[in-house]
Structure formats: structure tokens, C-alpha cells
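Presented below is the structure to which this report refers.
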Amino acid sequence: MIPKELLPRPALRIGITGRRALIVSKQENAEGQPSDIDVSGRIREAVRETLTLVQEVARDEFKRASHLYQQEIAEFWAVSPLAEGADRVFAEEAIKLDYVLECPLPFDRDEYSKDFKDASSKAKFYEQLGDAFRVLELDGQRESKSAESAAYEAVGRLVVDQCDLLIAIWDGKPDNGRGGTSDIIDFAAGKVPIICLRMDSESHEVYGRAGRRRPERYSSEALRRLIEHIVVPPWLLHGRGGDSDLTGSYVQNLSAKGSLLGWFWKRFIRFMLVGKNPRQAASQHVPDGPFLRYYEPFDGYANRLSGLYRGAFLLNYILGVLAVVIALVGAAFHGLSDQIIYRTIMLHPTVIERVLVGTELLTIGVIFSIILLLGKRRWHYRSVDCRYLGEQFRVLCYLHTLALSPPHPKLPAHHLEHNVQKSWMEWLLRGVVRETQMPHGKFSKDRVEIEQTKILAWVRGQIQYHRFNAVRLTVIEGRLRMFVWISLLAILIACSVHLFWDPKSVAWLLMAIAAGFPAFSAACHAIASQGEFERLAERSKAMRESLEIAAKELREMGTQGNLTVGDLREVARAIAELAVEEVVDWQILYRKPVPPP
């Protein structure tokens with residue numbers, strides 16, 4: 001089990017998107033003119049039944065996994081912008097069922113109230129706003145139709161970011177512009193499950209992770225499956241509770257402190273950079289917030305595990321070279337007389353032979369122990385799992401104040417067996433996110449500029465890191481290749497001397513060079529291959545270039561003077577997806593065992 005202090009509270013967040021006018025038109029009169037039918041009563045009943053069923057099913061599933069949450073009482077949140085029609089029906093029914101209401105608004109509340117022409121509608125808006133636990137007022141503009149549509153789109157996307165399950169009340173018709181119900185359904189498809197309550201005569205539908213490509217007829221059983229996959233950990237779904245890599249239970253015994261193998265790896269990197277000393281990027285301050293307490297331990301776990309893994313494979317290859325050297329020393333002593341050995345070392349040849357054999361056996365034993373330990377502890381797998389969680393929580397430290405959700409990484413088809421969306425890390429991440437309240441307050445121009453500055457500082461810090469990382473890794477790769485070529489040259493010289501000169505006095509040295517340096521060369525090549533220095537350097541260069549484009553876009557947005565939080569959210573979303581997908585690629589890159597030396 002994951003440490004209790006890192007477990008989430010049981011919570012579920014339901015969002016809404018839908019038509020303002022709960023009316024459908026039908027050709028029913030004798031003249032063939034459309035006749036409007038009010039479906040608000042039917043929709044209200046469907047919303048009430050859905051919200052009630054969500055609570056019942058979720059409570060059952062939370063109870064099933066109660067030992068994996070910090071408390072037994074589940075929290076239910078309803079996210080609604082309180083527009084007329086679907087939004088308000090949803091909010092009213094949610095409050096009756098003891099959901100906690102959160103209201104993101106496309107404009108500041110007084111500007112938004114101008115959408116409601118009727119005085120009673122305006123009064124109802126302010127009344128429901130008073131029932132909300134948290135209200136977030138965006139900075140939408142009305143200077144043009146396009147700007148107004150962008151404001152509605154921004155709040156619709158924010159609702160999707162703040163929910164685990166979206167209820168869509170839809171008549172099946174396309175929208176007239178951006179930010180309508182159909183547009184938000186398209187945006188949400190594949191990100192969160194959707195329950196589509198149809199206003200027309202079509203059957204209600206459920207869209208899972210596959211989005212609108214594979215709709216399913218709405219039923220209590222279909223809803224139960226949706227809720228189950230949201231709140232139940234994957235190891236309970238698959239019946240593999242004893243697998244620590246599936247449950248994440250191994251983090252219970254982890255320390256965020258460094259290790260001896262990690263220290264050994266750092267000393268190796270420092271040695272490989274002697275004389276070069278590329279300018280190191282300054283460590284970046286991570287903003288405070290609800291996700292910092294999760295980022296710090298998982299970042300520490302990832303650093304420790306990666307240090308253990310890298311130090312282990314480095315030690316293995318060095319010990320492999322040492323085993324060859326010991327064997328060569330033994331062979332060299334066999335070529336000398338007992339008197340020379342005794343006069344030189346003052347030890348009997350039998351003692352020396354036993355020491356060499358014992359040392360050889362000990363070296364081989366340590367190599368096998370490291371291989372077995374790596375297979376059992378799986379440091380290479382677990383380091384990237386913790387790195388993924390650490391990076392997601394670090395990204396959320398920057399995204400949370402913009403009410404953005406963590407990115408959903410996408411993998412190519414040939415790597416779907418490593419899909420993090422079906423892992424304990426993703427379950428824990430989403431559980432922590434759903435218990436976290438939506439930001440509160442009003443996005444003024446000054447607040448948007450502060451958020452822009454924060455995101456820009458984050459991007460610049462990442463650019464500096466990847467610039468330094470690319471230079472550092474390129475130097476290490478170059479020096480390992482240099483060692484390989486020096487070894488080959490030494491072998492060539494030793495073989496040539498032995499062939500054309502054949503001096504008896506240094507024959508043992510020539511043999512050592514001819515046999516030992518191939519082992520050293522192979523070890524350098526293996527360290528370079530296992531460390532993936534060249535590929536990671538290329539990735540850092542590519543990341544730096546992508547981030548520089550993002551930073552330029554951010555700066556230009558600020559100079560135009562009309563930057564809105566909706567614009568900033570989409571740029572920040574793209575940057576977050578870039579950062580997280582790079583770490584997901586690491587999962588694929590480092591999910592390989594350490595071969596024997």
C-alpha cells in the first residue's frame with residue numbers, strides 16, 4: 001500500500017455542459033411549422049437520477065477500496081458556470097443531493113449577469129452563486145463576437161479540467177460558434193468520461209475514454225463501469241494486489257535520501273566532466289501549493305531509485321573489467337618463476353594464487369548479486385514511475401492556479417503495454433487532483449500578468465536545464481567514445497610490438513594490454529549504450545528548441561496587451577503536455593533490464 005499520508009481522500013467531481021434553452025423543435029402542426037416542446041422537466045428528472053446514481057455507485061466503490069483512502073466519508077463536487085438552462089438545473093439538483101457547488105464564470109459576475117435579461121433569472125443567478133463554495137471569475141471580453149465566444153469556450157474547457165465525469169445535455173445539433181455544447185463535448189472526449197443526456201428523441205449515451213468513436217447506451221451498469229474505472233485502483237480491478245509494482249507499495253520502504261550507488265554514479269559523472277565543467281542551470285524554485293507536498297517525496301524517490309539503478313549498472317561493468325584484469329594478473333604470474341615472485345612481492349606464489357582466485361570469485365559473486373538485486377528491486381522500472389508522478393505534481397504546482405488538470409499522456413500503439421493511464425501512479429495522481437478544490441477569486445489583468453510571469457519563469461528554467469543537460473551528456477558520450485578509440489589504439493600498438501619486437505621482459509604487459517583493453521573498451525561502449533547519453537542529449541536539444549518557441553509565444557502574448565486567462569491556459573496546457581510526454585518517453589527508454597557485463 002502507498003504510505004497513508006500520501007493517499008487521497010475519497011472524492012468525485014461532476015461537471016456540466018449543455019444548452020441554455022431546454023426546448024426542442026418538432027414538425028407537428030398542420031402547416032408544417034416547427035412546434036417548440038419544453039423538455040426541462042424530463043431533463044431535470046434525468047439529471048437527478050444520474051446524480052443520485054453517481055453517488056450510490058461511487059459510495060459503493062469507495063467503500064470497496066476504503067483502505068486506500070484517508071477517510072470513509074466521500075466528497076461530491078458539482079462544477080457549473082450557472083448559465084440558464086442545463087447549468088442551473090444541474091446546480092439545483094446537485095445542491096439538493098448535498099454536492100458541493102463550484103462555479104467558474106466566463107466573465108466577472110456582474111458582467112456575466114448581463115447574459116440574463118429577465119430580472120428573476122438574474123436574481124436566481126446571484127442566489128445560486130451564493131450557494132457556491134468557490135467561485136472563479138475569468139476575464140472574458142465582449143469587444144467582439146469572437147472574443148465573447150472565446151470566453152464561453154474558456155469556461156467550458158475549465159469545467160472539463162475540473163471534473164472526473166461530464167454530464168452533457170445536448171440536442172444533437174452543431175453549435176453556431178466556439179464554446180457551445182457540441183464543441184465542449186469534442187474537447188472533453190477522450191479526456192474525461194461523458195454522460196450525454198439527449199434532449200431529442202435519441203437515447204442517452206455514455207462516452208468512455210475512446211470518446212465519441214464508441215458510444216454506449218446509457219444504463220446504470222454502464223455508469224457503474226465508468227465510476228469503477230475512475231475511483232477503483234487498477235490492482236483491485238485486475239485482482240493483482242500482491243504485485244508491488246502494480247500497487248506502488250514499494251514506496252512505503254523508500255527513503256528520499258541519497259544512496260552509496262547514487263554517490264558512485266555522481267562521482268563518475270563528475271570525473272567524466274573534468275576540465276569541461278559546463279555551466280550548470282540554477283535549481284528552479286517550485287511554487288508553493290497543494291501539490292508541493294506530493295512533488296517533493298516522489299522527486300526524492302525518483303532521484304534515489306535512478307541513482308541506485310545507474311550506479312548498479314556502472315559498478316557491474318567496472319567489476320566486469322576488474323574480473324578480466326585479475327585473470328590477466330594471474331596469467332602473468334604463472335609466466336614468472338617462483339623465485340622472482342617471492343623476491344618481488346615477498347609472498348609465496350601459492351598464497352598469491354589463492355588471493356587472486358578468491359578475489360576473482362568475489363568479483364563474479366558481486367556481479368551476480370547486483371544482477372539478481374536489480375531483477376528483484378526493479379530500480380529501473382520504479383525510478384521512471386516515481387519520476388512520472390514527481391513531474392506531474394511539479395507541473396501541477398504551476399498549473400493549479402490556472403485551474404488546469406494534469407495532462408493525459410498518449411503513447412504510440414507499439415508501447416501501449418506501458419500505458420501510465422492504467423497504473424497506480426495515474427490513479428494516485430487523479431485521486432489527489434479530484435480532492436483538491438478549484439482556485440477561487442477573480443482574474444484581473446494584474447493576476448493574469450502574474451500567472452504569465454510565473455509560467456514564463458518555469459519555461460526559461462526548463463530551457464536552461466535542457467541546454468546544460470545536452471552539453472553535459474554530449475561531453476560524457478564523447479569521452480566514452482574517446483576511451484574506446486584509445487583502447488583500440490593501445491591494443492593495436494601492443495599487438496604490433498609483440499609481433500615485430502617480441503621483448504620477453506614486458507611480454508606480460510603486452511598481454512595485459514591486448515586482453516584487458518578490449519574489456520575496458522567494451523565496458524565504455526556498454527555504459528554509453530545503457531546510459532543513453534547520446535539519445536538523451538538529442539532529446540534535451542529538441543526539448544530546448546520546443547520550449548524556446550513556447551517562451552517566444554508567451555512573451556509576444558504579453559506585449560499585445562489583450563492576453564486573457566483563456567489564452568494563457570491553452571499555452572500552459574501545451575507546455576505541460578510537452579513536459580509530461582517527455583517523461584513518459586523516459587518510461588519506455590529506461591524500461592529495460594541491465595545486461596550482464
Side-chain angles (χ1 to χ4, degrees), residues 258-259 261-284 299 302-318 321 379-388 390-391 394 458-487 520-551 575 578-595 597:
S259 63
L261 284 171
W263 174 87
F264 182 53
W265 174 259
K266 288 179 180 178
R267 298 286 80 74
F268 166 74
I269 295 298
R270 185 171 294 181
F271 168 75
M272 295 300 293
L273 294 174
V274 168
K276 287 292 184 179
N277 193 26
R279 185 178 178 185
Q280 186 167 356
S283 59
Q284 198 168 6
D299 182 62
N303 289 335
R304 178 179 175 83
L305 288 167
S306 63
L308 287 166
Y309 162 60
R310 291 165 175 168
F313 81 69
L314 175 65
L315 181 60
N316 238 14
Y317 292 130
I318 290 176
V321 175
W379 291 326
H380 47 307
Y381 288 94
R382 295 171 178 179
S383 65
V384 290
D385 286 350
C386 291
R387 177 62 63 206
Y388 170 77
E391 182 65 13
R394 186 175 74 91
W458 169 36
V459 174
R460 284 171 174 164
Q462 289 298 290
I463 290 171
Q464 290 177 3
Y465 165 77
H466 284 290
R467 181 182 291 116
F468 161 74
N469 199 47
V471 172
R472 184 184 67 146
L473 295 174
T474 301
V475 169
I476 294 172
E477 175 72 20
R479 289 194 166 179
L480 286 170
R481 288 184 179 182
M482 180 185 70
F483 291 157
V484 170
W485 284 108
I486 290 174
S487 299
F520 177 72
S521 174
C524 289
H525 178 74
I527 291 168
S529 176
Q530 195 72 28
E532 298 281 3
F533 300 111
E534 183 178 19
R535 192 184 303 185
L536 290 176
E538 291 173 354
R539 293 176 60 78
S540 275
K541 290 175 185 176
M543 278 292 293
R544 188 201 73 209
E545 291 169 1
S546 298
L547 289 168
E548 285 173 345
I549 293 171
I575 294 168
L578 184 67
V580 170
E581 285 176 6
E582 194 249 350
V583 174
V584 171
D585 284 344
W586 270 40
Q587 288 233 330
I588 299 167
L589 194 63
Y590 272 92
R591 282 187 181 277
K592 56 182 181 181
V594 178

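Checked against the 6.0 Å centroid criterion, the rings of Tyr309 and Phe313 qualify as a close aromatic pair.
Scanning for salt bridge (Lys or Arg N to Asp or Glu O under 4.0 Å) contacts around Arg304 gives an empty result, with sequence neighbours left out. Checked against side chain to side chain contact (heavy atoms under 4.5 Å, CB included), Ser487 has the following partners two or more places apart in sequence or in another chain: Phe517, Phe520, Ser521. Under the side chain to side chain contact (heavy atoms under 4.5 Å, CB included) criterion, Ala526 pairs with Tyr317, not counting sequence neighbours. Scored by the salt bridge (Lys or Arg N to Asp or Glu O under 4.0 Å) test, Arg479 finds no partners at all (sequence neighbours excluded). Judged as a side chain to side chain contact (heavy atoms under 4.5 Å, CB included), and not counting sequence neighbours, the contacts of Gln462 are Gln284, Arg394, Trp458, His466, Leu547. Remark: Arg267 pairs with no residue by the salt bridge (Lys or Arg N to Asp or Glu O under 4.0 Å) rule, at least two apart or across chains.
For the atom pair Cys386 SG and Glu391 CD, the distance stands at 13.5 Å (nearest 0.5 Å). Taken to the nearest 0.5 Å, the CD atom of Glu545 stands 11.0 Å off from the CD1 atom of Ile463. Between the CZ atom of Phe264 and the CG atom of Leu314 there is a distance of 4.5 Å, given to the nearest 0.5 Å.
No side-chain donor-acceptor contact under 3.5 Å links Asn469 and Arg544.
Of the possible donor and acceptor atoms, one in the side chain of Thr474 sits under 3.5 Å from a partner among the backbone N and O of Ala470. Panel note: side chain Arg539, backbone Glu582; a donor-acceptor pair is recorded below 3.5 Å. Of the possible donor and acceptor atoms, one in the side chain of Ser383 sits under 3.5 Å from a partner among the backbone N and O of His380.
Side-chain contact between Leu273 and Arg472: present, with at least one pair of heavy atoms (C-beta onward) separated by less than 4.5 Å. Looking at heavy atoms from C-beta onward, Phe533 lies in side-chain contact with Ile527 at the 4.5 angstrom threshold. Residues Arg387 and Leu305 are not in side-chain contact: their nearest non-hydrogen atoms beyond the backbone lie 4.5 Å or more apart.
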Intermediate values then yes/no, salt bridge (Lys or Arg N to Asp or Glu O under 4.0 Å), Arg467 and Glu548: CA-CA 11 Å; Arg467 181 182 291 116; Glu548 285 173 345; 3.3 Å; yes

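Summarising the geometry of Ala312 relative to Leu261, their closest heavy-atom pair is N-CD2, 4.1 Å, with the distance given to 0.1 Å. Closest of all the heavy-atom pairs between Met543 and Ala579 is CE-CA, 4.3 Å. Contact record, Leu578 with Ser546: CD2-CB, 3.6 Å, taken as the closest heavy-atom pair. Between Ala523 and Val321, the shortest heavy-atom contact is CB-CG2, 3.4 Å.
Ion pairing between a basic and an acidic side chain is recognised when a charged N comes within 4.0 Å of a carboxylate O; Glu532 and Arg535 show such pairing.
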